[in-house]
Structures are given as C-alpha cells and as structure tokens.
Amino acid sequence: MAAATETAGGADAHLTVAAVAAVTGSAPATDAGDASEIDRRIADLRALLEQGLSEGVGVGHSLGIHLGTLEVGRTVWTLQPSPATANAMFTVHGGVLATLMDTAMGSAVYTALPPETYYTTLELKVNFVRSVSLTADLLTCEARTIHVGRRTATAEGTVTGTDGKLIAHGTCTCLLTPASSA
C-alpha cells in the first residue's frame with residue numbers, strides 16, 4: 001500500500017500502514033479503510049485546532065502554542081515566548097512548558113489510537129533543564145509515542161530552543177477509553 005499524505009494546515013504528515021504498525025505494535029492493516037481512518041483523525045485534529053485559533057479558543061490562541069507537524073505517533077508543536085507566558089520571575093512559566101508538552105504528547109498518542117477510542121492524560125512528568133526568557137526565540141516541542149496498548153498509552157517529549165539546547169523533557173501516560181464508554 002502506498003503512503004497516504006495529508007497536507008492541511010501547511011505541514012506535511014506522511015503516514016504509512018507500516019508506520020502505524022510500528023507505533024501501535026499491531027499487525028499492518030491491509031485495506032485503504034485503515035489508512036483513511038488515520039487520515040480522517042489527523043484532518044479532524046487539524047480542523048479543530050484551526051477552528052480554535054480562528055475563534056480565539058484554546059492554548060493555541062491564549063498561549064501561542066501552534067502545530068508544526070502531525071504524523072502517526074509523532075507531533076511537533078511550537079511556542080513563541082511572550083508576556084502571556086510569564087511567571088513571577090518574568091521567564092516562561094513552567095506550567096506553560098508543561099502545557100506545551102502535554103499538548104504535543106497527547107496529540108501524538110491520539111494519532112496512533114484505534115478508531116472510536118478517546119484518551120485523557122492520566123499522568124504527566126516534566127523535567128525542567130533551564131529557564132527561558134520571555135524574549136527568547138521560538139521553542140519547539142517534539143513528542144513521540146512509546147507504547148499504545150488497550151487501556152493505556154505512553155509518550156515522551158522534549159522542548160528545545162532554536163539553538164538546539166534542551167529546555168525540558170518528560171513523559172505522559174494516557175488512559176484509553178472506547179467511545180461507547182465515554
């Protein structure tokens with residue numbers, strides 16, 4: 001089966017059945033319906049994010065967290081430090097960095113879930129390595145799934161500056177719920 005590509009929102013997402021199998025640990029799908037479901041999930045998530053930005057709702061609007069890349073089991077998000085992200089020391093608040101990481105790791109998990117499955121963050125662990133000035137350049141958070149099971153999923157993420165220096169790293173555990181139970 002050829003790779004399916006979705007390009008809404010300006011960033012390319014390259015999806016293959018083999019990539020889904022590598023992320024989820026399940027056997028590769030053999031029909032176009034499975035790839036279409038992944039394409040639909042990614043398109044739906046992009047549409048939801050774009051709607052939030054246009055309507056002034058969510059972390060993208062309020063904190064400046066924006067989607068860069070959305071692939072099966074991997075996402076990249078950015079944050080431009082600003083006065084809206086300040087803590088009492090006039091640096092980027094740790095909670096803002098944790099929100100950036102939770103957003104990135106949760107969406108990485110979402111892209112690897114089976115159809116009709118919801119998730120919610122069950123546990124979030126963040127290690128802060130260095131502070132970030134409110135005038136710093138764009139921050140990047142890359143997240144990847146580690147495990148996607150029947151009841152839980154785990155992911156890891158890193159936040160780096162434009163110079164490539166590590167700012168924070170962490171992991172999350174997500175609780176998976178069938179849509180019929182939610």
Side-chain angles (χ1 to χ4, degrees), residues 6 9 11 13 15-29 33-53 55 57-79 85 93-129 139-159 166-182:
E6 189 275 317
L15 309 174
T16 65
V17 173
V20 174
V23 170
T24 64
S26 60
D34 294 330
S36 295
E37 170 63 23
I38 294 166
D39 289 340
R40 184 191 61 75
R41 275 181 168 268
I42 288 178
D44 287 350
L45 183 54
R46 281 190 186 280
L48 180 64
L49 296 167
E50 289 170 11
Q51 179 182 355
L53 285 173
E55 295 178 6
V57 176
V59 297
H61 171 74
S62 61
L63 297 175
I65 295 174
H66 296 282
L67 176 63
T69 302
L70 191 59
E71 300 172 348
V72 175
R74 179 181 172 269
T75 63
V76 178
W77 293 75
T78 61
L79 168 72
T85 65
H93 193 288
V96 173
L97 295 173
T99 299
L100 172 63
M101 293 182 71
D102 187 40
T103 300
M105 291 185 290
S107 59
V109 165
Y110 177 78
T111 64
L113 294 179
E116 301 301 318
T117 303
Y118 296 132
Y119 78 94
T120 189
T121 301
L122 191 60
E123 180 266 341
L124 177 66
K125 168 73 168 98
V126 178
N127 296 288
F128 302 105
V129 175
L139 305 179
T140 301
C141 181
E142 181 174 358
R144 295 180 184 275
T145 57
I146 298 169
H147 167 77
V148 178
R150 289 184 299 128
R151 299 288 293 152
T152 62
T154 58
E156 63 186 0
T158 58
V159 177
L166 183 65
I167 293 165
H169 61 95
T171 58
C172 76
T173 302
C174 294
L175 177 65
L176 307 183
T177 309
S180 58
S181 301

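In this chain, residues are counted from 1 in sequence order.
- Each of Val109, Ile146, Leu122 was checked for a side chain to side chain contact (heavy atoms under 4.5 Å, CB included) with Thr154, and the lone residue meeting it is Ile146.
- Using a 4.5 Å heavy-atom cutoff, the side chains of Val59 and Trp77 are not in contact.
- Counting non-hydrogen atoms of other residues, nucleotides and ligands closer than 6.0 Å to CD of Glu123 gives a total above 12.
- Contact detail for Leu53 and Gly60: the closest heavy-atom pair is CD2-C, 3.5 Å.
- Shortest non-hydrogen contact noted between Val148 and Ala153 is CA-CB, 4.1 Å.
- Closest heavy-atom contact between Leu63 and Thr99: CD1-CG2, 4.3 Å.
- The shortest distance between side-chain heavy atoms of Thr140 and Thr78 falls below 4.5 Å.
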Practice item. List the steps and the verdict of side-chain contact (heavy atoms from CB on, under 4.5 Å) for Thr85 and His93. Key: CA-CA 6 Å; Thr85 65; His93 193 288; 5.8 Å; no
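- Between Leu100 and Val96 the shortest side-chain heavy-atom distance does not fall below 4.5 Å.
- Residues Leu97 and Leu139 are in side-chain contact: their nearest non-hydrogen atoms beyond the backbone lie under 4.5 Å apart.
- In this structure, SG in Cys141 is found 10.0 Å from CG in Asp102, a value given to the nearest 0.5 Å.
- Within the 4.5 Å cutoff, the side chain of Thr158 has heavy atoms near those of the His169 side chain.
- Partners of Glu142 by salt bridge (Lys or Arg N to Asp or Glu O under 4.0 Å), not counting sequence neighbours, listed by chain and number: Arg74, Arg144.
- The shortest side-chain heavy-atom distance between Thr177 and Thr120 does not fall under the 4.5 Å cut-off.
- At a threshold of 4.5 Å between non-hydrogen side-chain atoms, the residues Leu113 and Leu176 count as touching.
- Listed here is the closest heavy atom pair of Arg41 and Pro114: NH2-O, 2.9 Å.
- Closest non-hydrogen pair, Ser107 versus Leu45, comes out as CB-CD2, 3.9 Å.
- Between Met105 and Thr121, the closest side-chain pair of non-hydrogen atoms is not below 4.5 Å.
- Taking OH of Tyr110 as the reference point, atom CG of Asp44 lies at 5.5 Å (rounded to 0.5 Å).
- Between atom CD1 of residue Ile42 and atom CG of residue Leu67 there is a gap of 9.5 Å, rounded to the nearest 0.5 Å.
- Separating the OG1 atom in Thr173 from the CZ atom in Arg151 is a distance of 13.5 Å, to the nearest 0.5 Å.
- Rounding to the nearest 0.5 Å gives a distance of 7.0 Å between CE of Met101 and CG of Leu124.
- In this structure, OH in Tyr118 is found 9.5 Å from OG in Ser180, a value given to the nearest 0.5 Å.
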